[in-house]
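Reading through the structure tokens given below for one structure.
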Amino acid sequence: MSDFEDVVEVESCVLGTKEHWDLAYDRELDCFDETGDVGEIWFGKSCLKTMCKGVSQIPELNKETSKIIDLGCGNGMTLIELSKLGFKKLDGSDYSARGIELSKKIMEQEGFNHINYFVDDITDSKIEQHVYDAVLDKGTFDAIALSEDRDRMKQLYKQHVEHILKPNGIFVITSCNYTENELKLYYTSPEFEFIRNIQYPVFSFGGSKGTTQTTLIFKKN
């Protein structure tokens, strides 16, 4: 089967809209200001730590010099975890200004000052070509695939990742909506080569085994 759309069919919903995320981060900002709670960590803390540990073990990346961006960074907790692992050159972008405001407050609370958070929309991105050694995605492609204009947005997103990555740059994508084979089918192309996956604990249920999320590592050709 060669067509990604033949493999995965998803219905649009509010999770694919900017309005939803602005409202969500409004609530999380209020909660943070009152209690210091960082809000929801997508896919949970265990997934976050496992994914970031896997990123830290990618031999092509250097903690001191590799420039990394988290696309759709939300509250920025992925970059906080990478900071704790020693990465120095970190950027986070999100199309929600409220999400970026929250991520900056969390960064200050966590005692870091070297993460560069900024508002950016892939439909009108200000990021220049060939800037990053690695692009990270934890749930952003999932959300894009839930937008009403998902076919165009998924293609635009893939082109954006290719545009901002340096030659031989690394793309790490984590999804709970798509399987390993589905992500390979969509991203493996003349532009991207599949390298390996990041392993998560396996659960068993009803005689079947699996994980609740998938993380794949690609290299830009």
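For clarity, every value in this text was computed on a predicted model and none was experimentally measured. Numbers for residues simply follow the sequence, beginning at 1.
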I58 vs V172, side-chain contact (heavy atoms from CB on, under 4.5 Å): CA-CA, chis, key distance, verdict: CA-CA 10 Å; I58 297 174; V172 182; 3.9 Å; yes
Could you check F192 against L165 for side-chain contact (heavy atoms from CB on, under 4.5 Å), going step by step and ending with a plain yes or no? CA-CA 11 Å; F192 293 99; L165 265 179; 4.0 Å; yes
Worked verdict on V131 versus K67 for side-chain contact (heavy atoms from CB on, under 4.5 Å): CA-CA 8 Å; V131 173; K67 192 171 178 63; 3.7 Å; yes
Starting from the C-alpha separation in whole Å, work towards a yes-or-no answer on side-chain hydrogen bond (donor to acceptor under 3.5 Å, both in side chains) for S96 and D94. CA-CA 5 Å; S96 172; D94 202 288; 4.7 Å; no
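Residues L79 and F87 fail the side-chain proximity criterion, which asks for heavy atoms closer than 4.5 Å. A 4.5 Å side-chain heavy-atom check between V161 and E191 finds every atom pair outside the cut-off. For the pair Y117 and I106, the minimum side-chain heavy-atom distance is 4.5 Å or more. Looking at T78 and C73, their side chains never come closer than 4.5 Å, going by heavy atoms from C-beta outward.
Closest approach of H130 and P167 over heavy atoms only: CG-CD, 4.2 Å. Across every non-hydrogen atom of A97 and V119, the tightest pair is CA-CG2, 3.7 Å. When all heavy atoms are compared, the tightest approach of I80 to E110 is CG2-CG, 4.0 Å. Across all their heavy atoms, G74 and Y25 have their closest contact at CA-OH, 3.0 Å. Heavy atoms only, all atoms of each residue included: L61 and D133 are closest at CD2-O, 4.0 Å.
Between the OG1 atom of T174 and the CD1 atom of I217 there is a distance of 9.0 Å, given to the nearest 0.5 Å. For the atom pair CD of E182 and OG1 of T214, the computed distance is 9.0 Å after rounding to the nearest 0.5 Å. Atom-to-atom distance recorded for D91:CG and I68:CD1 is 10.0 Å, nearest 0.5 angstrom. Put simply, CD on E148 and CZ on R150 are 9.0 Å apart, with the number rounded to the nearest 0.5 Å. Between the OG atom of S93 and the CD1 atom of I100 there is a distance of 6.5 Å, given to the nearest 0.5 Å. D121 contributes atom CG, which lies 9.0 Å from atom NE2 of H160 (distance to the nearest 0.5 angstrom).
A single hydrophobic cluster is not seen to contain both L23 and L102; linkage of ILVMFWY side chains at heavy-atom distances under 4.5 Å, directly or through other members, places them apart.
Scanning for ring pair (Phe, Tyr, Trp, His ring centres under 6.0 Å) contacts around F218 gives Y187, F194, with sequence neighbours left out. By the salt bridge (Lys or Arg N to Asp or Glu O under 4.0 Å) test, D33 pairs with K105, sequence neighbours left out. Shown here are the salt bridge (Lys or Arg N to Asp or Glu O under 4.0 Å) partners of R27, two or more places apart in sequence or in another chain: there are none. For F112, the ring pair (Phe, Tyr, Trp, His ring centres under 6.0 Å) partners at least two apart in sequence or on another chain are H114. With sequence neighbours left out, the salt bridge (Lys or Arg N to Asp or Glu O under 4.0 Å) criterion links K104 to no other residue. Residues that satisfy the ring pair (Phe, Tyr, Trp, His ring centres under 6.0 Å) test with Y157, not counting sequence neighbours, are F141.
Put simply, the side chain of N62 gets close to the backbone of E64: a donor and an acceptor are under 3.5 Å apart. Using modelled atom types, one side-chain atom of K63 and one backbone atom of L85 make a donor-acceptor pair closer than 3.5 Å. With hydrogens and angles disregarded, a donor-acceptor distance shorter than 3.5 Å links the side chain of N75 to the backbone of V38. Checking side-chain atoms of D70 against main-chain N and O of G92 turns up no donor-acceptor pair under 3.5 Å. Of the possible polar contacts, none joining the T215 side chain to the I198 backbone as a donor-acceptor pair under 3.5 Å is found. Side-chain N or O atoms of D142 include one that pairs as donor or acceptor with a backbone N or O of C176 at under 3.5 Å. The main-chain N or O of P190 is found under 3.5 Å from a side-chain atom of N221 such that the two form a donor-acceptor pair. No donor-acceptor pair under 3.5 Å is formed between the side chain of T50 and the backbone N or O of C47. In this structure a side-chain-to-backbone donor-acceptor pair under 3.5 Å is present from K158 to Y186.
Ion pair K126/D120 not flagged as a salt bridge, since none of the NZ, NE, NH1 or NH2 atoms sits closer than 4.0 Å to an Asp/Glu carboxylate oxygen. For R98 and D22, the salt-bridge test fails: no basic side-chain N is under 4.0 Å from an acidic carboxylate O. Ion pair K220/E162 not flagged as a salt bridge, since none of the NZ, NE, NH1 or NH2 atoms sits closer than 4.0 Å to an Asp/Glu carboxylate oxygen.
The neighbour count for K89 NZ, taken as heavy atoms of other residues, nucleotides or ligands under 6.0 Å away, does not exceed 12. Within 6.0 Å of CD on E108 lie no more than 12 heavy atoms contributed by other residues, nucleotides or ligands.
A side-chain contact (heavy atoms from CB on, under 4.5 Å) with I69 holds for exactly one of I127, L90, L136; it is I127.
Side-chain polar atoms of N181 and T179 form no donor-acceptor pair below 3.5 angstrom.
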